Protein chains: 2
Amino acid sequence: MQPSKAGARRVTLRDIAREAGVSINTVSRALNGKPDVSEATRALVQAVAAQLDYRPNQVARGLRQQKTATLGVVLADLANPFFAEVAEGIERTAATEGYSIILANSEERQSREQQAVETLVERQVDGILITPTQRSEETIRYLMHRHVPCVLVARYFENLDVPAVVNDDREGSRLAVGHLVQRGHRDILYLNGPPYTSSARLRLQGYRDALEAAGIPFRPSMVINTDARSSGGYAAIQQALAAGIEFTAVACFSDYVGFGAIRALRQAKLRIPEDVAVIGYDDIDLAAIVEPALSTVHIAKTRLGQVAAHMLLGMIGRSAQERRHPGITVLPPQLVIREST
Amino acid sequence: MQPSKAGARRVTLRDIAREAGVSINTVSRALNGKPDVSEATRALVQAVAAQLDYRPNQVARGLRQQKTATLGVVLADLANPFFAEVAEGIERTAATEGYSIILANSEERQSREQQAVETLVERQVDGILITPTQRSEETIRYLMHRHVPCVLVARYFENLDVPAVVNDDREGSRLAVGHLVQRGHRDILYLNGPPYTSSARLRLQGYRDALEAAGIPFRPSMVINTDARSSGGYAAIQQALAAGIEFTAVACFSDYVGFGAIRALRQAKLRIPEDVAVIGYDDIDLAAIVEPALSTVHIAKTRLGQVAAHMLLGMIGRSAQERRHPGITVLPPQLVIREST
DNA sequence: TTGTATGCGTTATCAC
DNA sequence: GTGATAACGCATACAA
């Protein structure tokens with residue numbers, strides 16, 4: 001018997017059944033380790049299945065069982081190492097638990113996010129992990145309305161009762177700025193991220209907390225909004241320098257912003273950390289590699305993904321009504337002091 | 001009528017049919033824009049569908065049509081910005097063409113790669129994009145044997161007739177090293193990547209090409225193998241320094257390796273580029289941001305993904321026999337000179 | 001123009 | 001233990 005000629009139809013349970021001389025569902029139960037099937041026939045069926053190189057059709061199985069063993073993942077920016085690492089964590093635990101992931105990239109755009117979520121629903125994913133754009137709550141409400149298990153990652157909505165796994169952004173930022181204060185800095189610039197994200201708002205709040213704790217008055221002129229890209233950090237520093245703002249340290253929304261800031265600072269012939277200290281946030285792996293190595297706040301990014309995936313899997317396990325909200329899990333950030341402060 | 005109570009069953013064609021007072025397949029053709037359905041009933045059906053917030057079940061559709069509109073993507077290292085950007089390109093064109101992607105991460109391990117591919121086959125993906133670990137050809141052969149359309153990305157097998165989209169690694173490396181030569185360097189260290197990958201082998205070859213073109217004898221002692229991580233670049237430089245190898249420039253397998261090299265060089269109080277020039281490969285976005293900005297070879301990573309996805313989609317369009325191999329597409333690299341050379 | 005019947009590959013519910 | 005039979009939701013060949 002020639003296995004799979006050109007354009008060969010895929011082998012199904014029916015083929016095995018015919019070959020083994022048993023019924024189609026005996027094959028099914030034999031292969032799925034169900035009871036009530038003699039060891040003899042089970043062995044026979046398994047042998048035939050192996051010989052024919054049988055692979056179960058998960059699409060058919062998904063239709064029948066109303067369960068696809070698939071998780072939807074929609075990320076705000078796949079090209080950003082932060083999200084890529086989160087994705088890595090998600091993928092790993094999903095794979096370990098026998099789930100596949102369908103990945104979508106919203107590129108921080110509400111329309112793409114909405115589109116992605118609708119596609120995932122149509123594809124009957126068992127649950128969705130999402131780093132929301134936060135430009136609108138619509139998408140999340142839609143998911144809740146359709147009773148699709150959902151966990152927010154890295155960002156969350158204060159006014160929406162949806163499970164989430166986040167880093168303690170406020171605390172992390174407080175740590176970072178507190179560190180600067182401890183080093184004797186009082187004129188600390190803050191390069192903020194997109195204010196529509198919970199992470200940006202909370203990190204800004206942490207900055208204020210740290211100032212307040214040190215008795216340093218908060219000055220709105222010391223915070224500059226950026227787009228969270230390194231070019232944003234670069235532009236912000238140039239802007240601050242041009243405006244004649246005096247500062248000896250700069251705390252950044254992210255490492256990327258920090259890299260841009262460092263670049264602008266250096267071009268202005270300022271030494272780091274002697275003239276100006278710089279601290280980032282996220283601790284992407286390049287932060288440790290760059291010269292000077294960037295002080296920052298470590299987020300366990302892979303872990304974030306893993307924890308979120310486990311939480312979602314837990315929700316999927318139980319039925320709709322007993323599916324109590326697991327609430328918000330907050331992972332502790334960690335200050336990492338390197339060379340830039 | 002209350003749309004979706006708690007634990008509501010999903011609305012199907014049958015529900016629309018009942019509500020609209022027509023048959024189930026009239027609904028199907030009305031919704032799918034098929035001909036032979038009066039405009040009146042089509043309008044009615046669409047109205048009812050909208051009112052019930054109907055979403056087609058793509059799993060059922062996939063089973064019926066033997067086509068899932070899904071692409072499998074298996075990446076060697078999701079956390080690596082290079083692959084993340086490739087993934088971004090793939091995802092974007094897939095989404096544009098109405099396809100979803102199931103993402104798997106092989107982490108450069110043969111066992112995970114094999115596992116991933118088998119899962120994708122079971123899930124009936126219409127085709128697979130893969131950056132092979134190249135530790136074994138087994139996986140690819142398996143795919144060919146099963147007649148699953150497949151395109152290799154960024155790496156390829158010289159002895160296997162499989163479509164691929166790659167960067168011209170040999171030419172890119174030749175460009176990079178040629179640039180170093182032109183700057184007057186003759187003692188050029190080469191930090192090699194994992195030799196089992198086609199990209200590493202070809203880039204090493206490009207290094208030799210450039211030396212030969214300049215009449216500089218190749219010395220095996222000038223090439224040091226690394227694991228392609230920045231720590232590898234760091235260690236390689238330390239090793240070279242300790243061994244007393246003399247060099248005025250170092251060409252690297254990747255930007256990551258270059259970053260590590262720069263770090264080691266600086267710790268040894270060597271100035272860049274005055275004492276030692278460094279050039280990378282890939283042009284990940286951080287290369288431009290870092291101080292000194294890294295000279296490198298640009299690969300159109302997103303484009304790589306887009307082209308590969310389009311090629312795969314083209315293969316999926318045609319039937320198995322008329323599906324001639326589209327061959328190997330080679331994208332031109334581009335030398336980017338910044339501050340490190 | 002519309003409805004009926006069948007099947008995609010699988011699992012589950014029943015008889016035997 | 002095992003085997004018919006139905007059903008998951010949809011699309012299609014065919015009948016009306």
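Chain letters run A, B, ... following the sequence lines, proteins first, then strands; residues in each count from 1. In this text, all values refer to a predicted model and were calculated from it rather than measured experimentally.
Backbone-only engagement by B:L13 is indicated by non-hydrogen atom pairs under 4.0 Å involving sugar-phosphate atoms exclusively. Backbone-only contact: A:V22 has heavy atoms under 4.0 Å from sugar-phosphate atoms and none from a base. At a threshold of 4.0 angstrom between heavy atoms, the contacts of A:I24 include nucleobase atoms, whether or not backbone atoms are also involved.
The two residues A:R155 and A:T133 have their closest heavy-atom pair at NH1-CA, 3.8 Å.
Judged by distance alone, the side chains of A:T70 and B:R123 do bring a donor and an acceptor atom under 3.5 Å apart. Between the side chains of B:Q110 and B:T139, at least one donor N or O lies within less than 3.5 Å of an accepting N or O.
In terms of modelled atom types and a separation under 3.5 Å, the side chain of B:T131 and the main chain of B:A76 share a donor-acceptor contact.
Between B:R64 atom CZ and C:dT10 atom P the separation is 16 Å, expressed in whole Å. Here C:dC8 presents its C1' atom at 9 Å from CG of A:L63, a figure rounded to the nearest Å. For B:I16 and D:dC10, the CD1 to C1' distance is 12 Å, given to the nearest whole Å. Protein atom CG of A:L44 is 10 Å distant from nucleotide atom P of D:dT2, rounded to whole Å. As a whole-Å value, the separation of A:R10 CZ from C:dT10 P is 11 Å. If you measure from atom CD of B:Q66 to atom P of D:dC10, you get 17 Å, rounded to the nearest angstrom. For the pair B:K67 NZ and C:dG7 P, the interatomic distance rounds to 24 Å; values are reported in whole Å. Distance CD (B:Q65) to C1' (D:dC10): 8 Å, rounded to an integer number of Å.
Contact annotation: B:S28 side-chain N/O to D:dA11 OP1/OP2 distance is under 4.0 Å. A:Y54 has a side-chain polar atom (N or O) that falls below the 4.0 Å cut-off from OP1 or OP2 of C:dT10. For C:dG9, the OP1/OP2 oxygens have no side-chain nitrogen or oxygen of A:R14 closer than 4.0 Å. For D:dT2, the OP1/OP2 oxygens have no side-chain nitrogen or oxygen of A:S23 closer than 4.0 Å. Between A:Q58 and C:dG9 there is no side-chain N or O to OP1 or OP2 distance below 4.0 Å.
Heavy-atom distances under 4.0 Å link DNA chain D to B:N32, B:K34 of residues 29-42 of chain B, given in residue order.
A heavy-atom distance below 4.5 Å is found between the side chains of A:V73 and A:L75.
Closest to the side chain of B:A60, from the set D:dC10, C:dG3, C:dT10, is D:dC10.
Every residue two or more places apart in sequence or in another chain was checked for a side chain to side chain donor-acceptor pair (under 3.5 Å) with A:R303, and none qualifies.
Between B:E113 and B:R109, no side-chain nitrogen of the basic residue sits less than 4.0 Å from a carboxylate oxygen of the acidic one, so the salt-bridge criterion is not met.
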